[in-house]
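My structure is below; once you've seen it, I'll send some questions.
Numbering of ligands and ligand atoms starts at 1, following listing order. As the structure is a prediction and not an experimental result, all values here were calculated from the model.
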Amino acid sequence: MTAFPPEAPRDCPLCPRLVAYREENRRQNPDWWNGAAPSFGDPNARLLIAGLAPGRTGANRTGRPFTGDGAGVLLYQTLIRTGFARGEYRADPDDGLELVDCMITNAVRCAPPQNKPLPVEEATCRPFLIARLAALPRLKVIVTLGDVARRNVLKALGLKGTAAPPGHGVEAAVGGYVLLNSYHCSRLNTNTGRLTPAMFEAVFRRAREIIDT
Ligand code: SF4
């Protein structure tokens with residue numbers, strides 16, 4: 001089997017439905033990124049944050065994970081408050097924001113229609129996630145944003161998707177790392193109060209505690 005690199009090529013051809021969606025987005029918005037979104041952050045990070053997939057008007061538009069859509073505001077503000085980022089988040093990949101001891105990736109690197117990748121697309125993209133995990137030599141903590149990200153990380157570690165329980169703030173030792181699961185910081189979750197800024201920040205404060213132990 002050919003070894004995958006930790007980052008997918010921008011024009012990765014492996015998922016026909018996602019390639020078709022990418023091409024449709026290119027026709028409609030030729031100035032957008034419209035490609036596999038690369039991970040962002042520190043290559044020596046001890047914290048990896050795993051999301052599900054780029055949002056159409058977020059990373060698919062700007063080329064940086066969680067940049068440009070609603071979910072990124074809470075994520076980056078929280079990372080700045082907990083010392084995992086420095087600078088100012090201005091929803092623009094050229095805003096100069098830096099991640100500190102932290103990297104953000106997505107389980108599926110291309111934007112899916114309705115933000116819902118198919119299981120076959122999650123499986124096809126998983127070798128990139130496996131390579132991403134393997135390429136972080138100091139990795140200690142993985143924060144998964146939502147249950148699909150949690151299941152994909154577990155599978156990337158060679159475990160069953162049920163190897164760690166779901167739920168916000170749930171912590172499990174898996175594959176030599178600590179997995180911390182969080183509700184996704186989507187506008188849907190924050191607008192309904194399912195996830196508050198304090199609940200979200202608590203996850204990253206716990207990640208900090210584990211890293212500093
Ligand atoms: S989702 Fe992953 S495997 Fe599928 S086309 Fe995009 S980069 Fe390639």
Problem - Geometric cation-pi criterion Arg61 and Trp33, 6.0 Å radius, 45° cone - result: no
Q) Of the backbone and side-chain N, O or S atoms of Cys125, does one lie nearer to atom 2 (Fe) of ligand 1 than 2.8 Å? A) yes
Worksheet item: So does Cys15 have any N/O/S atom less than 2.8 Å away from atom 4 (Fe) of ligand 1?
Response: yes
the protein heavy atom lying closest to atom 6 (Fe) of ligand 1 turns out to be Cys110 SG, 2.4 Å
Atom 8 (Fe) of ligand 1 sits nearest the protein heavy atom Cys12 SG, 2.3 Å
- Query: Is the charged tip of Arg81 near the ring of Phe204: under 6.0 Å from the six-membered ring centre and within 45° of its axis?
  - Reply: no
*Under 3.5 Å, is there a donor-acceptor pair between the side chain of Arg26 and the main chain of Asp31?*
no
Worksheet entry | Distance from atom 7 (S) of ligand 1 to nearest protein heavy atom, with residue and atom |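 Minimum-distance protein heavy atom for atom 7 (S) of ligand 1 reads Ala8 CB, 3.5 Å.
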*Between Phe4 and Arg109, is there a cation-pi geometry (under 6.0 Å to ring centre, at most 45° from the normal)?*
no
Check your understanding: Which ligand 1 atoms does Val108 reach within 4.0 Å, using its non-hydrogen atoms?
Key ->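 Taking each heavy atom of Val108 in turn, ligand 1 has 1 (S) under 4.0 Å.
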Query raised in the report: Would a distance-only check, ignoring hydrogens and angles, find a side-chain to backbone donor-acceptor pair under 3.5 Å from Thr124 to Cys15?
Result: no
In ligand 1, the atoms that come under 4.0 Å of a heavy atom of Leu18 are 1 (S)
* Apply side chain to side chain donor-acceptor pair (under 3.5 Å) to the pair Ser39 and Glu7, showing each step before the final yes or no. => CA-CA 7 Å; Ser39 310; Glu7 299 305 325; 2.8 Å; yes
